[in-house]
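In what follows, a single structure is set out as structure tokens and then discussed.
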Amino acid sequence: MSAFDVLMERGFIEQLTHEDEIKELLEKENITFYIGFDPTADSLHVGHFIALMAMAHMQKAGHRPIALIGGGTAMIGDPSGKTDMRKMLTKEEIQYNSECLKKQMERFIDFSDGKAIMVNNADWLWNLNYIEFLRDVGVHFSVNKMLTAECFKLRMEKGLSFLEFNYMLMQAYDFLELHKRYGCVMELGGNDQWSNILAGADLIRRKEGKPAYGLTFKLLTNSEGKKMGKTEKGALWLDANKTTPFEFYQYWRNVNDADVEKCLALLTFLPMDEVRRLGSLKDKEINEAKKVLAYEVTKLVHGEEEAKKAEQAAIALFESGGDLSNAPTFEMPANLLGQKVIDVLVEIKAIPSKSEGRRLIQQGGLYINNEKVSDMDFIIDESLFKDGEMLVRKGKKTFYRVVLV
RNA sequence: GGGACGGUUCCCGAGUGGCCAAAGGGGGCAGACUGUAAAUCUGUUGGCGCAGCCUUCGGUGGUUCGAAUCCACCCCGUCCCA
């Protein structure tokens, strides 16, 4: 089975520059392709994870991936599909972020023995000569055409700075550069990158007279078409310090019934027969599929050990039994004993403000050791701790293990 | 550079001297119903020593008993003209 068939069957593909040619190419040859990641934050998130999965599938099929870190393009900022210009990052921030992304990617892709390449476009973008670049690359771009590009549509209403307008040229130039250096013939990316990918492929055809291809992935959306991978705290990060393995596990444990199969196909390596079987489970049964999904994705991102811990914690909290020690934990200094719940919870940062705590109690959403707290002045004392720990529950799904220290 | 219009609480967006912690929607949180799902319904959504008080409406000063609302200057954005 070729990489093309795998990506198609698992539902990765949204658009292709040349469907038939790409299909044939991926069947008959081992190619070099690239995916770019701009270091706009110090961690990758789920959106990037899809791309990494696609990269891994391609690599398994014998193709050579180039993971490009956009240290240069992050200096510009991609306006594609965004309503406003992003905050400009400093060179230092970008360098720091680049290092973080690099470490994360090494966990998913095998870079040993030249099986994959990692590059940073800062290496060639930071020292570009403006005049040379304009004469060399700029001539090949039509402003008229760019203005009609989908990726700028939103910005034609709210304003687009010249800085960001240049992003497309930078990315196109990357593709050309990788083509020359490594014989890279294909760029993959999220569907929001379609215009940029086309620009790069066009540039190679014009300047080199050689074919270049592009392919975009479906954005991870739920059955209502909304972007997935967002939590109340923002993105669902791959970094354990930004999104804990338990939170990460719970996110997938709670996906909509309708999205389970799609997620299994995109985010795990389970065989498609198994994916389809799990996806076809109905009603309560589908919870089994969700457990598999949560476990598998967490395993890929955080490793088997963390995945098991997260699973254990979930069993302990929701099904009773299992090992509680892996549940999210807060430490409570012993000198807080004798104070009101609200004060204690705010102090250990389990809730952000006392007003919120009062609201919780008023609405009957706070439990200690599974008993509802209805008294605003409820006192936390030592008798609540069994073996030095107490279980606080906020609403139905948020649990904290509080440990006395 | 000239002119027009804007900058409101997490987001969108009403408010144009006191009745404004500020309509409405989105999102969030909680409750009911459930399957740790979805949909639906209800409540809630600045902080605190919570029948009261304190801090918020781009910034700084001013007018006024009283300003998100009026005035001055400044900063930022969009549009039109140059």
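In what follows, every chain begins at residue 1, and chains take the letters A, B, ... in the order their sequences are listed.
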Could you give the distance separating rA67(B) and rU63(B) at their P atoms, to the nearest angstrom?
12 Å

Using a 6.0 Å cut-off, check whether atom NZ of Lys218(A) has over 12 heavy atoms from anything other than its own residue.
yes

Please tell me which of the listed nucleotides, rA30(B), rG49(B), rG35(B), lies nearest to the side chain of Ile286(A)?
rG35(B)

Please report, rounded to the nearest Å, how far the P atom of rU36(B) is from the CG atom of Asn370(A).
14 Å

Can you identify which nucleotide, out of rU44(B), rC48(B), rG35(B), has its nearest atom closest to the Lys354(A) side chain?
rC48(B)

Ser353(A), nearest nucleotide to its side chain (from rC48(B), rU36(B), rG35(B)):
rC48(B)

Pick the P atom in rG17(B) and in rG26(B), then give their distance to the nearest Å.
30 Å

Would you classify Lys290(A) as touching base, sugar-phosphate or nothing, given that sugar-phosphate means primed atoms plus P, OP1 and OP2, and contacts are heavy atoms under 4.0 Å?
base

State yes or no: are the ring centers of Tyr249(A) and Tyr295(A) separated by less than 6.0 Å?
no

Of rG35(B), rU36(B), rA30(B), the nucleotide closest to the side chain of Lys284(A) is rG35(B)

Separation of rG28(B) atom P from Lys396(A) atom NZ, nearest Å, is 14 Å

Check whether the ring centres of Phe318(A) and Phe399(A) lie less than 6.0 Å apart, and answer yes or no.
yes

Separation between the P atoms of rC74(B) and rG1(B), rounded to whole Å:
11 Å

Of the listed nucleotides (rA37(B), rU36(B), rG35(B)), which one gets closest to any side-chain atom of Asn256(A)?
rA37(B)

Spacing of the P atoms in rG31(B) and rA51(B) (rounded, Å)
25 Å

Is the ring centre of Phe108(A) less than 6.0 Å from the ring centre of Phe49(A)?
yes

Starting at the 5' end of RNA chain B, which residue's closest nucleotide do you reach first, Ser355(A) or Phe318(A)?
Phe318(A)

Of the listed nucleotides rA37(B), rU36(B), rA30(B), the one nearest the side chain of Asn254(A)
rU36(B)

Which of Lys290(A), Lys282(A), Lys284(A) passes salt bridge (charged side-chain N to carboxylate O under 4.0 Å, His left out) with Asp257(A)? It is Lys290(A)

Rounded to the nearest Å, what distance is computed from the CG atom of residue Leu281(A) to the P atom of nucleotide rA37(B)?
17 Å

Classify Glu356(A) by what it touches in the nucleic acid, base, sugar-phosphate, or nothing, heavy-atom distance under 4.0 Å.
nothing

Could you go through the side-chain hydrogen bond (donor to acceptor under 3.5 Å, both in side chains) check for Trp126(A) and Asn121(A) one step at a time?
CA-CA 8 Å; Trp126(A) 271 355; Asn121(A) 63 14; over 6 Å; no

Any carboxylate oxygen within less than 4.0 angstrom of a Lys/Arg side-chain nitrogen, looking at Lys291(A) and Glu288(A)?
yes

Is any NZ, NE, NH1 or NH2 atom of the basic residue among Arg155(A) and Glu164(A) found under 4.0 Å from an Asp or Glu carboxylate oxygen of the other?
yes

Atom-pair distance (CD1 on Ile351(A); P on rA30(B)), nearest Å:
12 Å

Report the distance from atom NZ of Lys394(A) to atom C1' of rC29(B), rounded to the nearest whole Å.
6 Å

Please give the stem ranges for RNA chain B, sorted by first residue number, where a stem is three or more consecutive Watson-Crick or G-U pairs and both donor-acceptor distances are under 3.5 Å.
B:1-7 with B:75-81, B:10-12 with B:24-26, B:27-32 with B:40-45, B:46-48 with B:52-54, B:58-62 with B:70-74

As a test of reading the structure: which of rU36(B), rC48(B), rA30(B) is closest to the side chain of Leu360(A), going by heavy atoms?
rA30(B)

Whole-Å C1' distance, rU60(B) and rG7(B)
16 Å

Taking only N and O in the side chain of Arg359(A), is any of them less than 4.0 Å away from OP1 or OP2 of rG47(B)?
yes

Rounded to the nearest Å, what distance is computed from the CD atom of residue Glu285(A) to the P atom of nucleotide rU36(B)?
13 Å

Tell me whether the rings of Phe12(A) and Phe217(A) are parallel (<30°), tilted (30 to 60°) or perpendicular (>60°).
perpendicular

Sugar-phosphate, base or nothing in reach of Val255(A), heavy atoms under 4.0 Å
sugar-phosphate

Do the side chains of Lys262(A) and Asp259(A) get close enough for a salt bridge, i.e. N-O under 4.0 angstrom?
yes

Between C1' on rU44(B) and CD1 on Ile361(A), what's the gap in Å once rounded to a whole number?
15 Å

With rounding to whole Å, what would you report as the distance between rG24(B) and rC20(B) at their P atoms?
12 Å

Indicate yes or no: does Glu9(A) engage Arg276(A) in a salt bridge with an N to O separation below 4.0 Å.
yes

From CD of Gln363(A) over to P of rA30(B), roughly how many Å is that when rounded to an integer?
9 Å

Given rA37(B), is OP1 or OP2 found less than 4.0 Å from the side-chain N or O atoms of Lys397(A)?
yes

If you check the Asp257(A) side chain, which of rU45(B), rA30(B), rG35(B) turns out closest?
rG35(B)

Table of protein N/O atoms under 3.5 Å from nucleotides 21-25 of chain B N/O atoms:
none

